[in-house]
Amino acid sequence: MAHLKEERTFVIAKPDAVQRGLVGEIIKRFEQVGLKMVATKMTVVTPEHVEQHYTLDPEWRRVTGEKTIEGYRKKGLTPPSEDPLEITAAVLKGLKAYMTSGPIVCMVWEGAHAVKIVRKIVGATEPLSSDMGTIRGDYVLDSYQMADTDKRAVRNLIHASGSVKEAEDEMAHWFKPEEIIDYKLVQEQIVYAPEIDGLLGK
Ligand code: ADP
Ligand code: MG
């Protein structure tokens with residue numbers, strides 16, 4: 001089995017992140033926590049590629065619809081539909097327009113618990129509810145209600161894989177194996193080595 005520090009996750013700086021000059025800030029936060037970037041590219045995608053990306057997980061339509069309904073209920077609001085699949089059909093249409101509207105920056109980040117650590121730094125899906133200190137909480141102010149009223153996707157700057165399995169499927173969807181680079185960072189010694197030695201003296 002691979003060591004925990006070899007876990008990888010897939011991230012996209014969405015078109016709004018690129019337009020708002022936040023790509024550097026996003027990269028900085030993942031670097032600062034100790035993760036290692038092992039792949040990156042700027043690209044413009046097709047609506048088909050976006051739909052395939054979001055439906056790699058056959059449960060995504062149901063889960064995302066349910067999450068939206070829950071988001072409305074928690075605020076005492078009535079969801080646009082009681083049917084999760086009806087909600088996600090509209091979301092997917094909005095996502096295709098959003099994700100193809102301009103260049104995006106795709107990345108793979110590697111390190112211990114990469115999937116969970118990145119989701120923690122990114123914050124909850126709906127910026128209105130994401131905690132301060134997270135990227136979505138700090139830099140964007142959108143909500144399900146605003147997006148659904150205007151029949152568009154929630155603009156929340158970033159995509160990040162939700163599980164190790166999702167990360168593996170998404171990496172294969174966006175990158176060729178040879179575009180993901182195996183290399184060492186000197187800082188890994190202090191972050192991961194079982195024993196720290198050789199720091200003192202000349
Ligand atoms: P996450 O990106 O946090 O993993 P999901 O996988 O649930 O979130 O949804 C994918 C993306 O679809 C979200 O990041 C957001 O841009 C958009 N989205 C999700 N739910 C809605 C909604 N109810 N209305 C509009 N857009 C939505
Ligand atoms: Mg998701």
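Values below: all heavy atoms of this structure, side chains included; hydrogens, waters and symmetry mates excluded. In listed order, ligands and their atoms are each counted from 1.
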Aromatic ring pairing His173/His53, orientation class (parallel under 30°, perpendicular over 60°, tilted between): parallel
Side chain, backbone, both or neither: Glu126 near ligand 1, heavy atoms under 4.0 Å: neither
Heavy-atom pair of closest approach, residues Cys106 and Trp174: SG-CE3, 3.5 Å
Protein contact to atom 16 (O) of ligand 1 [nearest heavy atom, distance to 0.1 Å]: Val154 O, 2.8 Å
Ligand 1 contact on Lys93 by region, counting heavy-atom pairs under 4.0 Å: neither
Under-4.0 Å salt bridge between Asp182 and Arg8: yes
Shortest protein heavy-atom distance from atom 3 (O) of ligand 1, along with the residue and atom involved: Thr125 OG1, 2.5 Å
Contact partition for Arg152 relative to ligand 1, non-hydrogen atoms under 4.0 Å: backbone
Per-residue contact class, Asp148 against ligand 1 - non-hydrogen pairs under 4.0 Å: side chain
Residues Arg155, Asp150: salt bridge by 4.0 Å N-O rule: no
Flag, side chain of Arg61 to backbone of Thr88, donor-acceptor distance under 3.5 Å: no
Which residue and heavy atom of the protein sit nearest atom 27 (C) of ligand 1, plus the separation: Val91 CG1, 3.5 Å
Carboxylate-amine/guanidinium contact Glu188 Lys184, below 4.0 Å: no
Structural part of Met146 in contact with ligand 1, heavy atom criterion under 4.0 angstrom: neither
Under 4.0 Å to a heavy atom of Ala153 - the qualifying atoms of ligand 1, by number: 25 (C), 26 (N)
Atom 4 (O) of ligand 1: nearest protein contact (heavy atom, Å): Arg119 NH1, 2.9 Å
Side chain, backbone, both or neither: Asn156 near ligand 1, heavy atoms under 4.0 Å: side chain
Identity and separation of the nearest protein heavy atom to atom 10 (C) of ligand 1: Tyr54 CE2, 3.5 Å
Test item: Glu126 side-chain N/O and Tyr144 main-chain N/O as donor-acceptor pair under 3.5 Å: yes
Charged N-O contact under 4.0 Å between Arg62 and Glu86: no
Proximity of Thr68 to ligand 1 by residue part, where a heavy atom lies under 4.0 Å: side chain
Identity and distance of the protein heavy atom lying nearest atom 2 (O) of ligand 1: Arg136 NH2, 3.2 Å
Atom 11 (C) of ligand 1: nearest protein contact (heavy atom, Å): Leu95 CD2, 3.8 Å
Distance from atom 7 (O) of ligand 1 to nearest protein heavy atom, with residue and atom: Lys67 NZ, 3.0 Å
